[in-house]
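Counting starts at 1 for both ligands and their atoms, in listed order. Computed over heavy atoms, backbone and side chain alike; hydrogens, waters and symmetry mates excluded.
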Amino acid sequence: MYDVVIIGSGPAGLSASIYAKRAGLKAVTLEQNPMSGGQVLNTYEVDNYPGLPGIGGFDLGVKFREHADNLACEFKEASALAVKKEEPEGFTVVTTQEEIKARTVLAAMGATHAKLNIPGEEEFAGMGVSYCATCDGAFFKGKVTAVIGGGDVAVEDAIFLSRGCQKVYLIHRRDELRAAAVLQREVMALTNVEILWDTVAERIEGEEQVQVLCVKNVKTGKKEKILVDGVFVAVGITPASDILKEVAEFDAKGYLLAGEDCALSTPGIFAAGDVRQKKLRQVVTAVADGANAITSILEYLQNRKE
Ligand code: NAP
């Protein structure tokens, strides 16, 4: 019986592993992918993590994992499929490999890319449609691409792609970007990035590969066909919270309802990082959650003993 099963090995899960080990808890961290680090692995550069300005996202993920490995934190490569509450106490986490029993569960599954749900998106996925500029950008060297979205990820993707692409369209549904001011200034200064304001993507067309993006200006109603070789979708994230549907409470978007102490209303379940309802989703807030969650778990276990 573990004290805690940490589900997920992004910044929140890895921070929790480190804090759990240092607190003397019997903890195991489940990682679904061969590489720890979560979404940050696909970030070209992280410029707002204190003390490590400009570090590559991949390098930051590797550093987090090395820190956990140096402390001999326990990891298992497995996907959690369900969490079942046991009586009189504890939980069973059903994974792709085995069933794991624990007194508490820390949900740190993060989030996945949201989809546009327009015709052609699914059909051309991997054939010009991508959700990861740092993973796939190199295939579009010298070509024309479009990035859809107006948040940090969309703007970072447009900046990243502009370094290799002939031209990048940044397509945003409003007349104001959501991304951080520093990113907005950077993208607006790039001569090979054209921002199409108030514009939505309606359809992706092509033969074997993406060739055309059909867009519409939502203010004028004008429709246009843009010739592109690639479409990068960066319209936000969807929390990976499904496995807790039997035992936890969510908001309307699927984020787990937990405050700064990371405790859910179901005693013994905690949530950290992007899967939790919160205002600011960044690496620094995810690692803070990991630390807070383990502190709450320690308190919870202590209270159960008394
Ligand atoms: P986000 O901040 O939620 O932005 C999503 C963008 O996509 C918004 O501009 C939104 O438009 C647009 N959008 C949503 N649905 C759409 C649709 N159906 N059609 C067209 N556009 C749509 O998501 P994100 O950029 O993926 O970032 C996720 C989280 O990670 C955020 O909290 C972000 O701050 C954080 N992050 C931080 C950093 C950093 O600190 N350097 C880097 C990357 C990510 P509206 O603006 O109109 O809503």
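Counting heavy atoms closer than 4.0 Å to ligand 1, residue Glu156 contributes side-chain atoms (C-beta onward) but none from N, CA, C or O. Residue contacts with ligand 1 for Arg281 involve both N, CA, C or O and side-chain atoms from C-beta outward (heavy atoms, distance under 4.0 Å). Counting heavy atoms under 4.0 Å from ligand 1, residue Asp152 touches it through both backbone and side chain. With a heavy-atom cut-off of 4.0 Å, Ala234 touches ligand 1 through its backbone alone.
The atoms of ligand 1 that sit less than 4.0 Å from any heavy atom of Gly150 are 6 (C), 7 (O), 8 (C), 9 (O). Residue Asn48 approaches ligand 1 through these ligand atoms, each under 4.0 Å from one of its heavy atoms: 39 (C), 40 (O), 41 (N). Residue Leu116 approaches ligand 1 through these ligand atoms, each under 4.0 Å from one of its heavy atoms: 19 (N). Within the listing of ligand 1, atoms 24 (P), 25 (O), 26 (O), 27 (O), 43 (C), 44 (C) sit less than 4.0 angstrom from a heavy atom of Val153. Applying the 4.0 Å criterion to heavy atoms of Arg174 picks out, from ligand 1, the atoms 45 (P), 46 (O), 47 (O).
We find that Glu123 and Arg203 are not joined by a salt bridge, their nearest charged nitrogen and carboxylate oxygen being 4.0 Å or further apart. Between Asp3 and Arg103 there is a salt bridge, since a side-chain N of the basic residue sits under 4.0 Å from a carboxylate O of the acidic one. Between Lys223 and Glu202 a salt bridge is recorded (basic side-chain N to carboxylate O distance below 4.0 Å).
Screening Asp157, Ile195, Leu190, Val147 against Val168 for a side-chain contact (heavy atoms from CB on, under 4.5 Å) leaves a single residue, Val147.
Nearest heavy atom pair, residue Pro11 against residue Val40, reads CG-CG1, 4.2 Å.
Panel note: side chain Ser162, backbone Asn192; no donor-acceptor pair is recorded below 3.5 Å.
Of the polar atoms of Gly151, at least one N or O is found under 3.5 Å from an N or O of ligand 1, judged by distance alone.
Not a single heavy atom of His113 lies less than 4.0 angstrom from ligand 1.
Val228 and Val235 fall within the same hydrophobic cluster, where Ile, Leu, Val, Met, Phe, Trp and Tyr residues are linked whenever their side-chain heavy atoms come under 4.5 Å apart, directly or through other members. Hydrophobic clustering (ILVMFWY, side-chain heavy atoms < 4.5 Å, transitive): Val193 and Ile159 are in one cluster.
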(message) Determine whether Thr92 and Glu86 satisfy the following criterion, side-chain hydrogen bond (donor to acceptor under 3.5 Å, both in side chains), listing intermediate values before the conclusion.
(response) CA-CA 7 Å; Thr92 298; Glu86 300 295 352; 2.5 Å; yes
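Protein heavy atom in closest approach to atom 14 (C) of ligand 1: Val235 O, 3.2 Å.
The residue from Lys278, Gln282, Lys279, Arg178 that puts a heavy atom closest to atom 48 (O) of ligand 1 is Arg178.
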